[in-house]
Every structure is written in structure tokens, then in C-alpha cells.
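Note that these values count all heavy atoms, side chains included, but never hydrogens, waters or copies made by symmetry. We count ligands from 1, going down the list as the structure has it; atoms in each ligand are counted the same way.
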Amino acid sequence: MLTRSEILSSLERLLPTVQKPGRYTGGELNQVVKDWDSVKTRVALVFPDIYDLGMSNLGLAILYDLLNQRPEVLAERAFSPWTDMELAMRSSGIPLYSLESKHPLIEFDIVGFSLPYETLYTNTLNALDLAGIPLFSADRTAQDPLIIAGGHAVFNPEPMYAFIDAFVIGEGEEVIHEIVAVHQAWRERKGNREDLLYSLAGIEGVYVPALYRAHYHPDGTFSRMERLCERVANPVVKRIVAQLPPPLTRFIVPYIDTVHNRIPIEIMRGCTRGCRFCHAGMITRPVRERPVDEIVDAVEQAITQTGFEEIGLLSLSSSDYTQIVDLVQAVNQRFVDRHLSISLPSLRIETVSVDLMDAVMDERRSGFTLAPEAATERMRRTINKPVSTEQLIETAHAIFSRGWPTLKLYFMIGHPSETMDDVQAVVDLCKAVLSEGRKVLGGRATIHAGVSTFVPKPHTPFQWVPSETIENIRAKQGLLKRQIRGPGLKLTWTPPEETLMEAWLSRGDRRLAQVIYAAWQRGARFDAWKDGFKYQAWMDAFTETGLDPAFYTHRHRPPFETFPWEHISTTLRKKFLFDDYLRSQREETLDDCRQGCFACGILPAFAEVRRQNPGDIWKCPDVSPRLQIKVEEIALSEALD
Ligand code: SF4
């Protein structure tokens, strides 16, 4: 394998021959380069897709900043090379390297992967392979880097259990320091690899899969997860930070265009709306908000340090931020001369007020996005996103009236109990909204319908439901393609094969690790990319391993089935999720729990944290001594269920 200096000289020769060499050079404004030999711990943070996407990953940017604040630690970045660069690297013997110092990844102490979605799994294997790091955790020695992974997808870590040494479940801001501390102590005592794994498993929120064994029933369904040592946790409870720390402001400024050329400021974490399909909404509870002043100060610092002119005020549902209008107005007032553009990427139809629309400065008036997710009120009750069609049309009218010519509408097809009439309603709604736009803007009004397909996710009320069949998805998409066309209408959709792959992996068990490996060996990578996705490689991998993909996607799961992700706890009670699933079948909705707590399970699990952090920061009720008793009763009754 080439050394660092050989990598540098080979890159000089190779980079002019590949697309977008700026992906591979590093050297951007605000990158941090430390003296390699003067630190104790070196961490590589990897987003296993291309730079253009990975540079917008806020989680990785936060960890990069936190780790580099420590004098004895360095953190550097790595991304998957695009196929042309991978070919060039492999033919020249260049291993995957970090952008800052160009050290091969295998020379780092810790390599951390961000896995926000399942379509990055084969790229993770490819990155390990390109780095020359043994793919399987069991083959690594104390001389190899520790491989960790975090992100929303790892709330079901089992399909990747064979490749990752330790998963971080939940929020990483505090636990990353604990992992570094454990690693440093282990290095000092010159421990072996088993010693490191056991030590990591002692950290709350860290799951070391090698210390557990999965058992299955004769019919192939999951039976239980056995701890191989009494000292390891079961379940492994997710980590949260009690209060969000001040936002990151020192962002790296890429030389090339990336997916989002803006400053991302997270204004709130968690969501209390309870959309039943929404994985993120379930796993990121409780809702915690940042104060307005803190956000406005962060915007100022970030502008000064980066020169960006667009601010993204991010959360799962930005219009639910309690003081959203005040916040946007405060940003407008403070930066009135700077011609800033503010984007609010996730808005709920019922909370997009006229005041908010007026407050958002978007001089380009390019597009406004709403996500009704379903087009009939029946379906929206089923998925617990209750908003009336009338309200949607009114909101659309108000948006067009304020000069936005394009309205993006996000829908999902394949929801439980959906019929072709519900899909036809997507067409009708798009046309109704377009006609509303034409009343205001004439032929300039445009509707862009983005239609994805529902994938049942673990830890949600829909974790029991079968996925839609590929035949039905094709029939539904066919209807949409035939009818959402013509002037002013645009349609995009997700290929059904991609949806199925996400569905296998989302609710998969340990046995799927063999499928991922076999698919990767057959060339699967860049599964999130239309051009890269190799459906046949996955099908062949299932055949080779003797597993049936339909078992993971189309099987009806009975209420009493134990799931292979239950040893990972979001702290939401299974009974809460199942009751909500039954409610969906009755087309009943559940209110925003800020109006009244439904005892989802967060408070019993984090009662002490909440008690130490009372007040408005959290949107769950305060834990008074009386409530303390109540939540303990809930926990007890759950344990007896
Ligand atoms: S504990 Fe209550 S208020 Fe908090 S997230 Fe759960 S249901 Fe909502």
C-alpha cells in the first residue's frame, strides 16, 4: 500500500484525469489540519457517498468540530470516490485517504461512518475495502482501526453487524468523547481487541454486536438476542443530549458545488407530531429547541466565518419551532443589508402561517415545498398527518400570491390500506393546486410532485405492516406518470426496485449481512444513485445466500412477533407503537403531544435528565415528583406486559 507521500505524488498525476477533482483535494476554508505526530488519537470521519453529498451532512460536521476542539485529538474527513476516481485509485494502488493530511484510513485509530440511510451499506464495505481494512469485524486485530458507525439507520444495526465494531445509538455529541477516552485508556494499557470491545460496550448507547448472539425460530422469524456477557446492556438505550449545545458555526467551505451551499443551523431536534411512517420523528424524541438569540448569534458567526449567503433553519418540522416567526424576523432585522436567503426545508401545512411566509426572505422566490404525503383526508388520518384538503389549497394560494411560482408537493404511495382511488387523488390534488396557482400567476405557476414509496421502518407504528408489492407500486406509478404531465406539471418518483432494497434492509436481521456482502462482491455500490443501483446483484445475492427477500418485506408480522431491533431502545414503548398502529387502522389520529403527553416512553427513560433540565427547552412535560411516580408506574406496567 502506498505511503502518504506516495499518495500525494500519485494524486498530482491522477486528479487532472477525473471528474470534479475538487472532491479529492481537501484544503478548503476552515478545514483543520493538525500535526499528525503530536496528538494521541486520530479519527477519520467517513460519509460513504461522494463529497458533494457528504459535505452537507450536519452530524459529521458537528463531530469534526467537537473532536478538533480537543488538543490531543485530530479528526479528518473521507468520502467515497466516484467510480472514475475509484478505478484510478485501485489501478494506482492508492488507498482511501483523508482529505486533510492524505493519510490512508488504515493509519487512523478510529474510523467512524455516518449511516443516515440503508442505501449506504455497500458503499461502507467498499470504503473499508478501498482502505485495505478487513471488512469483517471478526478479522480485525488490535493493530487495525476501530470501526464505529452512527446515524438514523443504525437504530436497526443488525444487517451491518458483521462489519462494524461498535454502533453509536442516538446523539453523538457526548458519547464520541467517551469513545475516545475509552480508546485512549485501552491504548495506554496495551489491551487486546476483546478488551477494547468490552470497554466500549460499557458506554451507555454503544452497541457492540460481537458481544450478542441472535436466535431464530424454526420458521425463520427472530426469537431473541442473547447477551454473551452479563456486563453488556440489553436493551442498549439511545443517547440524547439534555440540551442542544450552541450550533456549529465554523463550516468548511467547499471549492465545488455541493448539494446544499448554505449554512445549516439546527433550530430544534425531535418531533412531537407522530406521523406514523416517520422513522426520524419516532427516534429523535424528545423535542428540544434552541433559544432564538443563540440561533441568531450563530447565524452571524457562521456568515462571518464562511461567507455563505443562504441559511437553512433546520429541523424535522421547522414551522413547529415555537417562535419561528420571531426567529425569522430577528434574522431579517439583524442581517437586513446582507441579502441573506433563508430556507425552511420542512414546513407543516397547518403551521405555515401568512406571517411566516411574509417573514421568509427568499429573493429568488424559486420554490416552496409542502409535504401532504397523502392526497385524501382518509389516508392522511391513517398516517396521522391530518390536514384538510381545503387548508392545503388555501396555503398553496397564499404561497402563489406571495410570488413563489413553483410549489413542490411531496407524496408517498404505498401507505397501508391505500387504494387506486387514493393514488388518483394525488393527480387530482396536484391539478387542483395548479389551477389555484394559475388563478394568481397564470402560466407561470408550476407544480412539482415528488412521489416516493412508503417503506415500513423499525421503531414506528408501521413496523408491523407489509411493504407494497412491486406490481402494485408499478401500477400506481403508471397511473401517476400517465396523468401528472403537461404544462405546469412535473413528476419525479423512486424506482420500485430501490424501494424494495431499502425495505429489505430497514427491517432486516443479522442474516442480511451475508446478502450485503454478496451484493457488494457482485458490484453493488452507490445504491442510492439511479445509475449505480444494481438490482440484479441484490437478487443474485439473495439466491446465493438462500434467503427470501419477501420474508423481510411482504410478510404480515403478527402483533406478538419479537423484532431483531428490539435490543436497541429508542425508549418508545412497543405498546405505544402498537396501539397507534391499531389507531391507524381505525383511521384515528393522535394529536401533537405538546398539547398533552401520550406517555410514549421518553419520560420514564429520561426522567432524571428531564428533572435536571426543567422548563421550556424540552416540549415534554416537566417531571414533578407526582409525575415521577406516574412514569415509574408506566415503566413497571410495561415490564409486566
Ligand atoms: S413523553 Fe409525552 S410529550 Fe414527550 S415525546 Fe413522548 S408523548 Fe410526547
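In this pair, Phe47 and Tyr117 present their aromatic rings perpendicular. The plane angle is above 60°, beyond the 30 to 60° band. Between Phe155 and His152, the ring planes lie perpendicular to each other; the angle is over 60°, past the 30° to 60° tilted range.
Taken from CZ in Phe576 to CE in Met282, the straight-line distance is 6.0 Å, to the nearest 0.5 Å.
Protein heavy atom nearest atom 1 (S) of ligand 1, with residue, atom name and distance: Cys597 SG, 3.7 Å. Among protein heavy atoms, atom 4 (Fe) of ligand 1 sits closest to Cys620 SG, 2.3 Å.
Stacking of Lys238 on the aromatic ring of Tyr207 is not recorded, the 6.0 Å distance cut-off and the 45° axial limit not both being met. Under the 6.0 Å distance and 45° angle rule, Arg510 counts as a cation-pi partner of Tyr161.
Distances from atom 6 (Fe) of ligand 1 show that Cys600 has an N/O/S atom below 2.8 Å.
Close approach of ligand 1 to Phe598 (heavy-atom distance below 4.0 Å) involves ligand atoms 2 (Fe), 7 (S).
At a heavy-atom cutoff of 4.0 Å, ligand 1 is contacted by no atom of Pro286, backbone or side chain.
Nearest-residue assignment for atom 3 (S) of ligand 1 (options Gly596, Ala599, Pro604, Cys593; heavy-atom criterion): Cys593.
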